[in-house]
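Quick notes on the structure that follows.
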Amino acid sequence: MHYLRLYLTGILLSMAVLTACHPLVAAVPQHGITEQGAATHGAESNAHQDHAIHWSYEGEGGPDHWGELNADYTACADGASQSPIDLSNAVGEDLPDIAFHYGESALNILNNGHTVQVNYDEGSYIEVDGMRYDLLQFHFHAPSEHTINGEQYPLELHLVHRNAEGGLAVVGVMIQEGAENPAFADIIAHAPAGEMAVMTVDNLMVSAESLLPAERLYFAYSGSLTTPPCSEQVKWHVLTTPVELSVEQIATLANILHNNFRPVQPLHDRTLVVDTTSDR
């Protein structure tokens, strides 16, 4: 929890300066959290408070060096339960369905320098295995961070949730090329091309429910934030069915996100499970 608090402090400072995929204290407002860690992958680093420490997705600040940048980032190098992973050779089980209770939200959108993120209005949540997790935000990675049987998708959507005890659950959605998707149109149209504080777009609402595929079977495993400090004990639920965006929609987001993905990490002794039956 110590490094999670430090992580959140960095987020709040960056939001103040800028203004949230791939960080948690109960006292922190919902819109200061990203997943990317969580609450991720949003704005998830201490880079804005200490310019001598800057993580990125390439070069000396890239993923291979995250563990060297800050004493609080050691899990990025030494952790045994890191994310993302390749989703393959999963054990099939009849897992509890994810119950999605998503309402609409104002379009509260920002670019924190690492991703395009939408901070979600309060009241939406999921229930998994009897536990409620409130939806905090969603954000994008291009290309995908997780792979499925070695295949990397053009985009990955992360919906970041937190329970009353501060535990994180992230729902991942793969995005592939296909038909134009109107559910994403307003998000893409207002995605800031450069780093920008949160902006609430007048008279526009977004529905997280509409961003999901109709089929909600999922891969499940225990992992981490996909950005520094790479904190572990994040419950991952990556849907097995992708959604489609047009080539133009994908290109618009990919040109803004600039390869903001962490490479897959070793599974080690963890068990990857895939849901085989839906009760929906």
Side-chain angles (χ1 to χ4, degrees), residues 21-22 35-36 40-41 83-104 115-116 118 120 124-129 133 135 137-161 168-185 187-188 206-223 226 234-254 257 261 264 267 270-280:
C21 145
H22 244 23
E35 152 224 318
Q36 276 191 20
T40 105
H41 352 30
S83 297
I85 62 170
D86 179 44
L87 303 168
S88 59
N89 300 314
V91 177
E93 290 187 13
D94 182 9
L95 297 174
D97 285 359
I98 304 172
F100 291 89
H101 301 279
Y102 288 168
E104 290 188 326
T115 190
V116 170
V118 172
Y120 218 76
S124 292
Y125 63 98
I126 60 172
E127 289 180 302
V128 188
D129 203 17
Y133 294 85
L135 177 60
Q137 51 96 339
F138 62 80
H139 61 268
F140 298 90
H141 295 273
S144 68
E145 297 201 298
H146 291 90
T147 57
I148 299 180
N149 295 321
E151 179 182 358
Q152 190 172 34
Y153 285 72
L155 293 171
E156 184 172 348
L157 168 67
H158 289 169
L159 299 107
V160 182
H161 308 76
L168 292 177
V170 182
V171 174
V173 181
M174 296 300 192
I175 298 174
Q176 65 185 10
E177 292 183 1
E180 183 175 349
N181 194 326
F184 289 78
I187 298 166
I188 294 171
V206 62
S207 167
E209 177 78 21
S210 69
L211 308 180
L212 304 175
E215 178 59 73
R216 279 111 187 247
L217 297 176
Y218 61 95
F219 295 96
Y221 76 99
S222 178
T226 66
V234 176
K235 293 184 181 296
W236 278 93
H237 310 80
V238 182
L239 302 188
T240 59
T241 301
V243 298
E244 292 185 355
L245 267 66
S246 69
V247 171
E248 293 77 14
Q249 288 179 309
I250 289 172
T252 298
L253 279 176
L257 298 174
F261 72 101
V264 295
L267 184 63
R270 289 175 288 175
T271 299
L272 173 65
V273 182
V274 63
D275 191 13
T276 57
T277 306
S278 174
D279 298 327
R280 295 179 69 246

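Side chains are part of it too, since the values below use all heavy atoms of this structure and drop only hydrogens, waters and symmetry mates.
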Rounded to the nearest 0.5 Å, the OH atom of Y133 sits from the CD1 atom of I98 at a distance of 10.5 Å
**Q.** Side-chain heavy atoms of V91 within contact of T271, under 4.5 Å
**A.** yes
**Item:** L211 side chain reached by F184 side chain, heavy atoms, under 4.5 Å
**Value:** yes
For I175 and P154 the tightest heavy-atom approach is O-CD, 3.1 Å
Going by atom types only, do Q152 and S144 share a side-chain donor-acceptor pair under 3.5 Å? no
Do the side chains of N89 and N149 get nearer than 4.5 Å, heavy atoms only?
no
Between E104 and S207, the two heavy atoms sitting closest are CG-CB, 4.3 Å
Tightest non-hydrogen contact, residues S246 and E180, listed as CB-CA, 3.7 Å
For T240 and P242, the nearest pair of non-hydrogen atoms, with its separation, is O-CD, 3.7 Å
Exercise. Compute whether any side-chain donor of one residue and acceptor of the other, for D86 and T147, lie under 3.5 angstrom apart.
Key: yes
Review point. Heavy-atom distance under 4.5 Å between the side chains of V173 and L212, does that happen here?
Key: yes
- Task: Assess the side chains of H146 and Y221: does a donor N or O sit below 3.5 Å from an acceptor N or O?
- Result: yes
d(H237 NE2, I126 CD1) to nearest 0.5 Å is 6.0 Å
Taken to the nearest 0.5 Å, the spacing of L245 CG from L253 CG works out to 7.0 Å
All heavy atoms of D94 vs all of T276, minimum pair found to be N-OG1, 3.8 Å
Closer than 3.5 angstrom, by distance alone: can the side chain of E209 be matched with the main-chain N or O of Y102 as a donor-acceptor pair? no
Exactly one of L159, V171, L135 clears side-chain contact (heavy atoms from CB on, under 4.5 Å) with F100, and that residue is V171
- Query: D275 and E93: side chain to side chain contact (heavy atoms under 4.5 Å, CB included), yes or no, with the steps?
  - Reply: CA-CA 5 Å; D275 191 13; E93 290 187 13; over 6 Å; no
Q) Taking side chain as C-beta onward, heavy atoms only, is V234 less than 4.5 Å from S83? A) no
Between the CZ atom in R270 and the CD1 atom in I85, the distance rounded to the nearest 0.5 Å is 5.5 Å
Review point. Quick one: are L87 and V238 in side-chain contact, heavy atoms under 4.5 Å?
Key: yes
When rounded to the nearest 0.5 Å, the distance separating CG of D97 from OG1 of T277 is 9.0 Å
In terms of ring plane angle, is the pair H158 and W236 parallel, tilted or perpendicular, where the classes change at 30° and 60°? perpendicular
| Derivation and outcome, side chain to side chain contact (heavy atoms under 4.5 Å, CB included), residues E244 and N181 | CA-CA 7 Å; E244 292 185 355; N181 194 326; 5.6 Å; no
May I ask you to decide if I148's main-chain N or O and E151's side chain share a donor-acceptor pair within less than 3.5 Å?
-> no
How far apart are the C-alpha atoms of I187 and F138, what are their side-chain angles, what is the distance that settles it, and do they pass the side chain to side chain contact (heavy atoms under 4.5 Å, CB included) test? CA-CA 11 Å; I187 298 166; F138 62 80; 3.8 Å; yes
Between the CG atom in D129 and the NZ atom in K235, the distance rounded to the nearest 0.5 Å is 8.0 Å
request  = Applying side chain to side chain contact (heavy atoms under 4.5 Å, CB included), run through H161 and L168 and close with a yes or a no.
outcome  = CA-CA 6 Å; H161 308 76; L168 292 177; over 6 Å; no
Closest heavy-atom pair, T115 versus F140, reported as atoms and distance to 0.1 Å, is OG1-O, 2.6 Å
